[in-house]
Every structure is written in structure tokens, then in C-alpha cells.
Amino acid sequence: MSAFFILIGRDLQLSIRHRADTIMVAGFFAITVILFPFGIGPEPGVLERVGAGILWVTALLASLLSLDHLFSDDEQDGALDLLLTAPVAPTTVVAAKIAAHWLTTGLPLTLLAPILGVALQMPSESTVPMITALLIGTPTLSLIGAVGAALTLGARRRGILLPLVILPLYIPILIFGVGAIDTSGMGFEAGGLFAVLGGFLLIALALCPWAAAVSLRVATE
Amino acid sequence: MHAFANPTRFLKLAAAIQPWAVGLCIICFAVGLPMALVFSPPDYQQGDTVRIMYIHVPSAWMGLFAYGVMAAGSASYLIWRHPVANMVARASAPIGAMFTALCLLTGMLWGEPMWGTPWVWDARLTSMLVLFFLYLGYMALGDAFDRPEQGDKAAAILALVGSVNLPIIKFSVDWWNSLHQPSIFSMAGVSVDTAMLPPLFLMVGAFQFYYVVVVLMRVRAHVLAAKVRAARLMRAA
Amino acid sequence: MSDRMQPPTALNVSGLSARRGGRTIFEGLSLSLTDGHALVVTGPNGSGKSTLLRVLAGLLRSEAGTVVIDPEDDSDICYAGHRDGLKGSLTVQENLAFWAKLYGADLGAVDVAINRMALETVLDMPADMLSAGWRRRAGLSRLALGTSSIWILDEPYTALDAENVIRIDSLLSEHVAAGGIVVLATHQAPGFNPTHQINMADYPAETSEMDW
């Protein structure tokens, strides 16, 4: 078994021990989405129009929550030093932790979204585009988020700093994620928008593990 | 490059440049400001409102320019570990953020008579707004660590990440804007009369020299503060 | 262990200096270690023992000088710092099994390591529930997996009782006898004869910060 999968296995094993964390993220996602009908009124036309935006914005915030301890748990108990000195490339360590983060955050959110979409009275035609957009988009959130988590490791007031650093970088995914759902919900061809989301994912895949690994080095120095 | 990497030599160089930059800055303002605000022709559609452009456009330019300097300085700091490059990058951020804020503010003042509302999600203004938040994140990250070196390096990496992201953000915002507001009157649509160009260039020059003056002052202060800190550490050790 | 060690491993350090917290900690440190060498690093608080070890382990960039490890294969290093890197919610067995898999140790190695550190009684306990001394033992059991030839240990004796200090000492001396390399930072004299010894106080930073 390659180091990448060993590392994913360990992070998954840990998140099964701390399954409350994943449940809390999903719970945060659900309760925050549910707040919007109270905030803007339950008129079907309005909710339907803003539903995709609500889901995406809330998904961004929810994925941010668990980034907080993506590296800091390992940093605090000293495991990060050991991982970085182990016979594994730091980018592999980072990539595996990102993959585990997505499996425990992005994936559950993606699976939960269609149910919340019903609550937001989104048209049933947008269910498949919604899942597809989240499936392509949420890994990019984990990738960019990992860079932010690594950069802010050991910072003061990290809980506020992390969103400030990361959220501006999330904007393109938000724009095209919502665009893809809305465009296909209205019955238009949205293949190009999914392709753009895919392009973002590829760019992030190429750059983020490397940038996060460099940032981790800075943090452990 | 290496010639400027040494802070002491940089201080000497800065001291030589500083008076010239101050002088040029004053001259550009002294000539450009009256030209822009009084003597240049009003726009045939917008009247005197167009004079906001002489602040707005150079601010926007400086907001982007300072980010470019920040990214270049950060790269040179990370690759060659030039302390001065880092200080220039760190010093550029608040100035760039201020110019970006000025650009947004004048954009709102301009928007009021033009659109009847101070804020419209115009593609350019929106991109500048995101740029402002990139600056905020950079400055907050740089100051968030007990070890100053960690803040310097983390902020430098963030500046590079941001510079990769900026074109993507620009592209996304442009697309988003075209989707939602296909036919809004854009600020880019001002037809610039040739008589407007000299004051515009003078204002760009004034802002540019102002930037040089302030960066040099900030870097100087930073070098001196670092020397004080080093001296304290030496005594403690 | 020994069959992994051809060609001989070497750790060469020359002109090393390191900065931490904006200050140069030590300067001009050179040493050369090869198979069967044990280096003990001593020195007063703040003289840079941990910093040196972190540079050697590749966690910290040196300010000047070089660290060359031959053959250039970082699978050869096993670093043990102040913190044990144990996951509190995993059992000792699970913790050790993870490192064994990551370091590519064979299956039997885990049992050997457990036996060496006498961890049998705590295997199924979550690492959170262990006392400091037991945690240390569980953390150091990574060494006994036998996958790495260069061991870099920062104060391994902390929290250990006399019996376990001896246990670690014999583990270290066996490793050296089998041709391994040990770099050990410690306050107390180890129970074996190191081949090399340096005092960090001999490498004070002399470059004035004001120079730049």
C-alpha cells in the first residue's frame, strides 16, 4: 500500500474516532441553510432563485470549519514533525490530508445538499447539476483551504484569520459553482461551466499540495 | 539585485533617492492637481463628475501596481532570501490597500451621479473589492505570528498564491458580471479626450512617486526596528 | 537493520549555522559521522541543541553551511522530538502500526518493537490514557522498528524511570554496534560511550546582527 493511502487511512481512522466532528460540520451546514428561509421568507420563487447561492456559500463556510484542525492536531502532538521527517514526500503527506479532509467534509456536504435543496424548493432538474458541481468544486475548496490552514498554523486569532485569508480565494469557485447549477436548472447547456470548475480543480491539484507543503515547512521551522 | 539585498547599502541608496522622489511627487501634484480639477475640459456627458477619474484611475493602477511589487518582492524573498525584498513587499501592502480603498471610495462617489446609487456590482469595482480583501488577508497574516520570520514567510507565500489567483478572480468576476448585468454603463466606457491625458499622466506620476516615498520611509523604519530588535536579542543572549 | 546498510551511511555537516526567532543560534559547526558512530550533543539551555537536531532532520533550513547525507535517501532518518506524535484517540498498537506501515517496516517488526519496549500491557490502551513515561516509550518504539539507520533523538530520557533509561541505552548501543548512527541531545550522560561528543556552547554565534 502506498504512503498516500496509508496516510488517508490514518486520517479516516482518526475521523471515525472523532466522528462527532464530521457530524457537526454536516449539522452546521444544514442548520445554516435552514436559517435562510427564516431570513428571507419562504416564498417559493425567491428561495428557488437564491437556493444554489445559499448552498454554495454555506458549503464554503462549513468546509472552512474543519480546516482549523487539518494540520494543527498533528502540529500540537508532534506528529507533524514526524510526518515531515518520515520517508514520504511532504507533498504526499499534504495531499493525503487534503483527500481525507474532502472525504470527511466535502463529500458529506455534497450528499446532504440535495435534501437541503428540497427544503429550499429548488427544481428537481437542478439536483444532478448540484451534486456534480459540488463534487467537482468541493475538492478545490479543500485544496485551497489546506494552503490557508498551513499558512496560518501557529498564528494568533487563527479562527478569524483563516476565513480572511481563504474566503477571497474561494470566490471563483462560488461564482462558477452557483452558475453551473443555475444555468442547468434553467434548462440551458452548462457543460462549459462544469469544465471551468474542473479546470480550477486541476490548477488547484497542481499547485496547492506543493504550496501547502512549503507553508508547513515554514510553520515547523 | 544582490546589490540592494544588503539593508545597510539599501539605506544609503534610499537616502539618495528619497529627496528626488519627494520633489517629483510634489511637482506632479502641484501641476497635475490644478490641471485635473480646474483646467482640464469637462466630459460632454458627465460634466465635472469626470474629474473623479483623475483620482480613481491612478488609485486603481496603484492598487494593482503595489500588489505586483508585493508579489515580486515576496518571490525574491522566498527564493533568494533577500531581507530588503521582504521589507519592500511588507511595506507595499498597506499603501496598496489604501490606494485600493481610495479607488473603491472614488468609484462609489462617481457611481452616485452616474448610476444613482453608490455601489453597483461593476466588474472592475468588484475585482478591486476582492483585491482589497487579499491585501487585508496578507497584512493580517504577516502580523499574526510571535516569530516575525514566520509571518514574513507565510505572508510572502500568500502574496504568491494571491497573484496566481488574481487573474482567475478577474476572469470569474467578469463572467459573473456579464451574466447578471449585461448592459450596465461601465466606468471603462469613459471616452477619454486627449486633453484629459496630460493631467491623468501627471496624477499617475504623482501617485507613483508618493508610493516610492512612502515605501522607502517604511522600509527604513523597518530596517531600523529590526536593528533595535537584533541588538536587544544580542544583549539578552 | 544491518543488511540495509550497504553502502555505508554517512552524515556530513560543514560550516553549519542556524537561525531561530530572528537570531543566529550557533555558527561554524562541522562534523562527520558514519556507520557505528554515536554523537552526543550537550550544552546549556538555549545553546541550540534542538535547533541543530531539527536542521539535521531536515525540519529547519540552515542559515549557512551544508548537511549531506549519503546515500541521499531520507528513509534513513528517524527523528524523535520532545513530543511523541502519538494520536491520543488511537491505541498504542494502532499508533505503532501506522508508523510501521509508513516507514515500510515488515509485519514482524511491530511485534519486535513492542517486545523491545515492553509495551505488551498497554497495547490496547488509547495513547491519551498513558502516563508521560509510557507515552515516551510508545513514541520511541518507532526506533525499534528497525527501518532507519540514522536516529536523531532530542532528550529521549525525559519522563523515563531508571529501568527504562537503561532500556533506551541498550537500544541505542545495539543500534550503533550494528552499524547505525545515533545523534542524541541530552542533559544527562548516556549509559554508553559515544564515539563523538559536542558541546553547543563551543559554537556561539559571532556574526553580529548589526553587520547586515
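Chain A is the first sequence line, chain B the second, and so forth, proteins listed ahead of strands; every chain is numbered from 1.
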In this structure, are over 12 heavy atoms from other groups packed under 6.0 Å from [X] atom [atom1]?
{"X": "A:Trp210", "atom1": "CH2", "answer": "no"}
{"X": "A:Phe28", "atom1": "CZ", "answer": "yes"}
{"X": "B:Met217", "atom1": "CE", "answer": "no"}
{"X": "B:Tyr211", "atom1": "OH", "answer": "yes"}

What part of [X] gets closer than 4.5 Å to chain B, counting heavy atoms only: side chain, backbone, both or neither?
{"X": "A:Leu193", "result": "side chain"}
{"X": "A:Ala219", "result": "both"}
{"X": "A:Val178", "result": "neither"}
{"X": "A:Ile160", "result": "neither"}
{"X": "A:Val147", "result": "side chain"}

Out of curiosity, [X] [atom1] to [Y] [atom2], how far, rounded to the nearest 0.5 Å?
{"X": "B:Phe145", "Y": "A:Leu151", "atom1": "CZ", "atom2": "CG", "result": "7.5 Å"}
{"X": "B:Leu134", "Y": "A:Leu169", "atom1": "CG", "atom2": "CG", "result": "6.0 Å"}
{"X": "B:Asn165", "Y": "A:Tyr170", "atom1": "CG", "atom2": "OH", "result": "11.5 Å"}
{"X": "A:Arg157", "Y": "B:Asp143", "atom1": "CZ", "atom2": "CG", "result": "14.0 Å"}

Between [X] and [Y], which heavy-atom pair has the shortest distance, and what is it?
{"X": "B:Val161", "Y": "A:Ala211", "value": "CG2-CB, 4.5 Å"}
{"X": "A:Pro172", "Y": "B:Ile169", "value": "CG-CG1, 3.7 Å"}
{"X": "B:Ala140", "Y": "A:Leu164", "value": "CB-CD2, 3.8 Å"}

Main-chain N/O of B:Ala144 paired with A:Arg158 side-chain donor or acceptor, under 3.5 Å: no
Could you check whether any side-chain N or O of B:Gln150 sits under 3.5 Å from a backbone N or O of A:Leu153, counting only pairs where one atom can act as donor and the other as acceptor? yes
Which atoms of B:Asp146 come close to chain A, meaning under 4.5 Å heavy atom to heavy atom: side chain ones, backbone ones, both, or neither? both
Does any heavy atom of chain A fall under 4.5 Å from the side chain of B:Val173, the backbone, both, or neither of them? both
If you count heavy-atom pairs within less than 4.5 Å of chain B, which of A:Thr183, A:Ile175, A:Leu167, A:Val214 leads? A:Ile175
Chain B shares the most heavy-atom pairs under 4.5 Å, among A:Ile144, A:Leu161, A:Leu162, with A:Leu161
With ring centroids as reference points, do B:Trp175 and A:Phe176 lie under 6.0 angstrom apart? yes
Check the pair B:Ile168, A:Ile203 against side chain to side chain contact (heavy atoms under 4.5 Å, CB included), reporting the backbone distance first and the verdict last. CA-CA 10 Å; B:Ile168 297 176; A:Ile203 297 173; 4.2 Å; yes
Ranked by heavy-atom pairs below 4.5 Å to chain A, first place among B:Leu158, B:Leu136, B:Leu129, B:Leu131 goes to B:Leu158
Using a 4.5 Å cut-off on heavy atoms from C-beta on, say whether the side chain of B:Lys153 contacts that of A:Arg217. no
4.5 Å side-chain heavy-atom contact, B:Ser172 and A:Phe200: yes
